[in-house]
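Have a look at the structure below before the remarks.
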Amino acid sequence: MKLPEVSRRSFLKWSAVVGAGAAIGGASMAKGGLKVLEGTAEAAGTPVPDKVVWQQCTVNCGGYSCALKLHVKDDVIIRVDTDQEDRPGFPAMRACQRGRATRQFVYSPDRLKQPMKRVGKRGEGKFEPITWDEAYTLIAENLDRIIKTYGNHAVYNHYASGTDGTTRTSIPRLLNMLGGYLNYYGTYSSACYSWAAPYTYGGTPYNSSDDLVNSRLIVLFANNAGETQPGGGNEFYWQMQAKKAGAKIIVVDPRLSDTAKAIADEWIPIRPTTDNALMDALAYVMITENLHDQAFLDKYCIGFDDEHLPPSAPPKSSYKSYVLGEADGVPKTPEWAEAITGVPRETIVRLAREIALTKPCALIQNLGWQRHAYGEQPVRGLPVLAAMTGNIGVKGGGTGLRDGRKNAPSPSIPAGTNPVKASIPVFMWTEAIVRGTELTAKDGLRGVDRLESNIKFIWNYGGNTLINQHSDTRDTHRILQDESLCEFIVVHDVMMTPSARYADVLLPDATSYERLHLGRGSTNVMGDRYYLGVPAITPLFDVKTNYEVCAGVAEKLGIGDKFTEGKTWEDWCREAIAAVVAKNPGFPTWEQLLKDPIVRGTEVEPIIGLASFVADPEKNPLSTPSGKIEIYSEQLAELAAQRGNADELPPIPKYIPSWEGPQDPLREKYPIQLVGHHVKRRVHSTHDNNPWLEEVEPQMITLNELDAAERGIKDGDMVRVWNDRGEIHVRCRVSKAIMPGVADLPQGAWYTPNGSGVDVRGCINTVTKYHPTPGAKGNPQHTNLVQVAKL
Ligand SMILES: Nc1nc2c(c(=O)[nH]1)N[C@H]1C(S)=C(S)[C@@H](COP(=O)(O)OP(=O)(O)OC[C@H]3O[C@@H](n4cnc5c(=O)[nH]c(N)nc54)[C@H](O)[C@@H]3O)O[C@H]1N2
Ligand SMILES: Nc1nc2c(c(=O)[nH]1)N[C@H]1C(S)=C(S)[C@@H](COP(=O)(O)OP(=O)(O)OC[C@H]3O[C@@H](n4cnc5c(=O)[nH]c(N)nc54)[C@H](O)[C@@H]3O)O[C@H]1N2
Ligand SMILES: [Mo]
C-alpha cells in the first residue's frame, strides 16, 4: 500500500524549525529552552546518560501509566526506554510507541512557554505575554466578579483527561473554597455505558480479564483492546492468553480492527448503530430453536418473557414478545436483521448456535458502540444474551458488560466538598453556556430544579474538549467566540492546542516528566501500577504546575493560606501516599517508592461477577428494584414517561433506527456512515503533533474499496469529507478492512480550519453532531452521515 511520504526528511525539517525557535506569541526561551535537541539527535549516536529516571506515561489511554525509563544527560532526556520485566500474569508495563515518542512531546515546538493573555478575538489565537502575577490577578478578578454577578453555578471545571488526576484536584479544592462550581456527571468515554448498565444490574458487574483463559468462545463487540488497552493495558494480554489456551475469538466491528487482525478467528463486519438488530436476531434464533437457558432466565431475571414481567408492565412487553414480533408484528428474524446490519442471515444463525452451544462463552463489550445515537441500547442488549445462555456468574463466562479490572488504591489530594449540588451531563456544557437556566430534569439536569446561571467561567486544565474533542466544532466555535456568553476561559496546557486558541488567559504547564506527581491508581487497572513520578529534568520554559497556579490565584483572593495550609506540593503528595499506606498495609512508603516507584501486582483469583447472586439470589439480591437482572426495567419505563420519549427509551433493550444511521433518509444526500476510532498513534488529540507518531500512522480516512471505486478515489488520494456541519480535506486509505458504506477517520486530529473554514488536518469533530443521547444525554460522536469525494 502506498502511503504519503512523511518521514525522516520531514522530521529533520521539523527539528530545523525547533532550532530556529518556533515560539508562540513571541515567547522567550527559558531554562534550557529549545537548544535541547542539539546533540541528542540520532546523528550523535547514543550518549551515556548521567542518570536514569523511572517515570510514567500519564496520558489517558486504557494503559494509564506505562513505565518510561528516561535516560537523562545534562538535564536533557536523551533516550526513552521502558519496563521489560515480564512475570507470569503480569506483563511488563511496557510502553507503546506513544510513550517511547515522549522526547518528541517534551521538546515539541508547540510547547507553551510563558503565560499569555488573549489580544485578538477569542479563538483567533492572538496572545501577548504577561507575567504570572498578572495571570493570577486576571483569573482571580474574573472568578470573583463572575461569582458575585452570577453565582457559583456560573463556574465550570471542564472535563479533561490529558494528565494525571491527582494534580488536577487543586482546581476543585480552590473552587470549593470559593462556594463551589457546577458539576458534570458521566464522561465522554462511557456516558451511555455508566448510565444504562445499572438499570439491568444495579451496577456494572464483570468477570476480570484474567478469567478469559477459562473461556472457550469469546465474542468481542466494539472492543479493540489491542489498540485502546483497556483494563490498564492488560485486557489484550489476557485476550492473547485465552487464544493460546484454545478459545475461539470472534470480533463484531465495522472495521477489521488491529485486535481483529491480531487475534480473531472471525471478523463479523456490521453497520454502525445496528448491533441491537443483530442481538435481537441472535435471540430469535435461540428462542425459536429452543437453545436458551429458560431455567436461568426464570430464576434470575425479570422481563425476559411475559410470564416474568413486573406488575406495572403492559401485556406483551417482554423481550421475548418483542423478538417474536408479538407486540409490533415484526419478528426479529435473521432476514430482518440482515437488511439492517449487513450481516448475512446464515452468519447470524451460525453465530447464535455457536454462542448458545459453546460453554463457557464470554460476550464482551467495550465503549465504541455506546458512543452512538442510541448508545444506551447495545449496553443493555448484550447482557440479555449472556443471561439467555446462562453464562453469568460462571468462570469463563461473564455479564455481557465490559470485562474487568481490579481495583488499585488511588492516592488523592483533599478537594473538600462542593457546596453546589447541581450537575449537568458532561456532553451538555455548550448547551449550558447558551441556555443553562432553561435546562430541567428532562434534559438530564441533576441536583437542582433549575440552574441559577448559564456557564460564564471555564477552567480547562489538560483537556482539548473545549473545541477539538467536542462535537460540531463550527457550532462550538460560534458559542465560544461570543464573549457575552461565556465571559472568561482559562486554559492550562503544555501545547498550543486548538482549545488553547480559545483561552482568555493561557498558561503553560510542566509536562509530567518535569514535575512531581502521583500515578493514577484508579479503578481501571490490573497488575503492576506506577505510583510516583519524580521530575526527570528541570522544567523547560517559564511553566507552573496546577497546584502553583491555584495557590497563586487563592493568594490573590485572600485565601492563600487556607488553600495551601502552608504545605508544599511535595507535602501533599507525601500525605496522599501515607493515607494509601494507612488503608493498605504493606503498600510501599514514600521512601520506598522513591527507590522503586512501580508497585508490582500480586496474584489473586479472577473476579467472577455475580457469582454470589447466582449461588443464592435470595440471600444476595442485586441492587435493582426487583433484586434481579432486569431485562425489563420499570425505572426506565417511568423515566421515559417523565421525559415523554418512550420510543427512544424503551424498558427493554431494542433496536432503534438511528438518526444518521443506515435507515435515515438523509443517506440519499450523505451515504457514508463515518466512525472515528481511538487510534494507536494518538491518545485522543494528544500526540497529534508528534512527528514520530505521524510516521507510525499518518492521519487518513479509511474507505472501503467499493465506495472508493464508485467515486474514482485511489489509495493515497486527497478527498473531501463533508456534511451540513462542515468539511474536511484529508488523505484516503482504500481498503477491504472496513464495511462497505462505512468510513473511519480516527478521532483526535487537531482541528485546523483554513481560511474557508475547511479542516485540513482530519479532525472528525468538524462533521460530528451535537445531539445528546436520549437517556444518558451522552456524546454520539460515532454517529455521522457524510459524503466523500476526490478532491
Ligand atoms: N469524535 C470523537 N470525539 C471524541 C471521542 C470519540 O471517540 N470521537 N472520544 C471522546 C473521549 S472517550 C474522550 S476521553 C475525550 C478526550 O478528550 P480530552 O480529555 O480533551 O483528551 P485529549 O484530547 O488527549 O487532550 C488532553 C490535553 O491534555 C494536554 N496535556 C497532556 N499532558 C499534560 C500535562 O502534563 N499538563 C497539562 N496541563 N496538559 C497536558 C494535551 O496537550 C491535550 O491538550 O474525547 C472525546 N471526543
Ligand atoms: N491508542 C489509544 N488508546 C485509547 C485511547 C486513545 O485515544 N488512543 N482513548 C482511551 C479512552 S479515553 C477511551 S474512552 C477508550 C475508548 O475505547 P472504545 O470506545 O472501545 O474505542 P473506540 O475506538 O471508540 O471503539 C472501539 C471499536 O468499536 C468500533 N465501533 C464503532 N461503532 C461501532 C458499532 O456501532 N458497533 C460495533 N460493533 N463496533 C463499533 C470501532 O470501529 C472500534 O474498533 O480507549 C482508550 N484507549
Ligand atoms: Mo475516553
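Note: hydrogens, waters and symmetry copies are ignored here, and every other heavy atom, side chains too, is used.
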Please assess E570 against R574 for the test salt bridge (Lys or Arg N to Asp or Glu O under 4.0 Å), listing each intermediate value before the final yes or no.
-> CA-CA 6 Å; E570 184 177 334; R574 278 175 182 265; 3.1 Å; yes
Stepwise salt bridge (Lys or Arg N to Asp or Glu O under 4.0 Å) check, D472 with R725 | CA-CA 7 Å; D472 196 344; R725 294 178 290 272; 5.0 Å; no
Pair R515-E548, salt bridge (Lys or Arg N to Asp or Glu O under 4.0 Å): steps then yes or no = CA-CA 11 Å; R515 57 181 162 82; E548 291 173 291; over 6 Å; no
side-chain hydrogen bond (donor to acceptor under 3.5 Å, both in side chains) between T187 and S190, intermediate numbers included = CA-CA 6 Å; T187 63; S190 59; 3.1 Å; yes
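With rounding to the nearest 0.5 Å, the separation of CG in L466 from OG1 in T497 is 8.0 Å. Here the NE2 atom belonging to H153 is positioned 12.0 Å from the CG atom belonging to N454, to the nearest 0.5 angstrom.
Residues W132 and D542 have side chains in contact (heavy-atom distance under 4.5 Å, counting atoms from C-beta outward). Residues Y184 and P425 have side chains not in contact (no heavy-atom distance under 4.5 Å, counting atoms from C-beta outward). Using a 4.5 Å heavy-atom cutoff, the side chains of F541 and P508 are not in contact. Between V155 and L182 the shortest side-chain heavy-atom distance does not fall below 4.5 Å. Between V599 and L593 there is a side-chain heavy-atom pair separated by less than 4.5 Å. At a threshold of 4.5 Å between non-hydrogen side-chain atoms, the residues P588 and Y531 do not count as touching. Taking the side chain as every heavy atom from C-beta outward, H517 and S512 approach each other to under 4.5 Å. Using a 4.5 Å heavy-atom threshold, the side chains of Q781 and S471 count as touching.
The six-membered or imidazole ring of Y188 lies away from that of H684, with a centre-to-centre distance of 6.0 Å or more. Aromatic pair Y159/F427: ring centres not closer than 6.0 Å. Proximity of the aromatic rings of W429 and H158 is defined here by a centroid distance below 6.0 angstrom, and this criterion is met.
A donor atom on one side chain and an acceptor atom on the other are not found under 3.5 Å apart for N468 and S499. Q481 and E124 share no donor-acceptor pair across their side chains, judged by distance under 3.5 Å alone. Between the side chains of T137 and E134, no donor-acceptor pair of N or O atoms lies under 3.5 Å.
Smallest separation of non-hydrogen atoms from A749 and C763: O-CB, 3.3 Å. When all heavy atoms of L401 and P205 are compared, the pair lying nearest together is CD1-O, 3.5 Å. For I598 against A67, the heavy-atom pair with the smallest separation is CD1-CB, 4.1 Å. Considering every non-hydrogen atom in both G462 and D493, the closest pair reads CA-OD2, 4.1 Å. The heavy-atom pair separating M496 from L506 by the smallest distance is SD-CD2, 3.8 Å. Of all the heavy atoms in S423 and Y185, the pair that sits closest is OG-CD2, 3.2 Å.
In terms of modelled atom types and a separation under 3.5 Å, the side chain of Q55 and the main chain of V534 share a donor-acceptor contact. Of the possible donor and acceptor atoms, one in the side chain of K421 sits under 3.5 Å from a partner among the backbone N and O of N418. In this structure, T102 contributes its side chain and F105 its backbone to no donor-acceptor pair below 3.5 Å. At least one donor-acceptor pair closer than 3.5 Å links the side chain of E376 to the backbone N or O of G775. Y107 contributes a side-chain N or O that, together with a main-chain N or O of I77, makes up a donor-acceptor pair within less than 3.5 Å. Remark: the backbone N or O of T163 is not paired with any side-chain donor or acceptor of R168 at under 3.5 angstrom. Of the possible donor and acceptor atoms, one in the side chain of N142 sits under 3.5 Å from a partner among the backbone N and O of L138. Of the possible donor and acceptor atoms, one in the side chain of Q370 sits under 3.5 Å from a partner among the backbone N and O of L367.
Geometrically, R173 engages F563 in a cation-pi contact defined by less than 6.0 Å to the ring centre and at most 45° from the axis. Cation-pi geometry between R761 and Y751 is not met: the NZ or CZ atom fails to fall both under 6.0 Å from the ring centre and inside 45° of the normal.
Salt-bridge formation is detected for the pair D133/K556: a Lys NZ or Arg NE/NH1/NH2 atom is positioned less than 4.0 Å from an Asp or Glu carboxylate oxygen. A salt bridge links E575 with K567; the closest basic N to acidic carboxylate O contact falls under 4.0 Å. Salt-bridge formation is not detected for the pair D482/R478: no Lys NZ or Arg NE/NH1/NH2 atom is positioned less than 4.0 Å from an Asp or Glu carboxylate oxygen. Comment: R643 does not engage D443 in a salt bridge, judged by the lack of any side-chain N to carboxylate O separation of less than 4.0 angstrom. Using a 4.0 Å cut-off between charged side-chain N and carboxylate O, E483 and R118 make a salt bridge. The existence of a salt bridge linking E431 and R435 is confirmed by a sub-4.0 Å separation between a basic side-chain nitrogen and an acidic carboxylate oxygen. Of the charged side-chain nitrogens involved, none lies within less than 4.0 Å of a carboxylate oxygen, so that E487 and R122 do not count as a salt-bridged pair.
By the side chain to side chain contact (heavy atoms under 4.5 Å, CB included) test, V581 pairs with I577, F587, sequence neighbours left out.
With Y461 as reference, D509 is the one residue of N546, N157, D509 to meet the side chain to side chain donor-acceptor pair (under 3.5 Å) rule.
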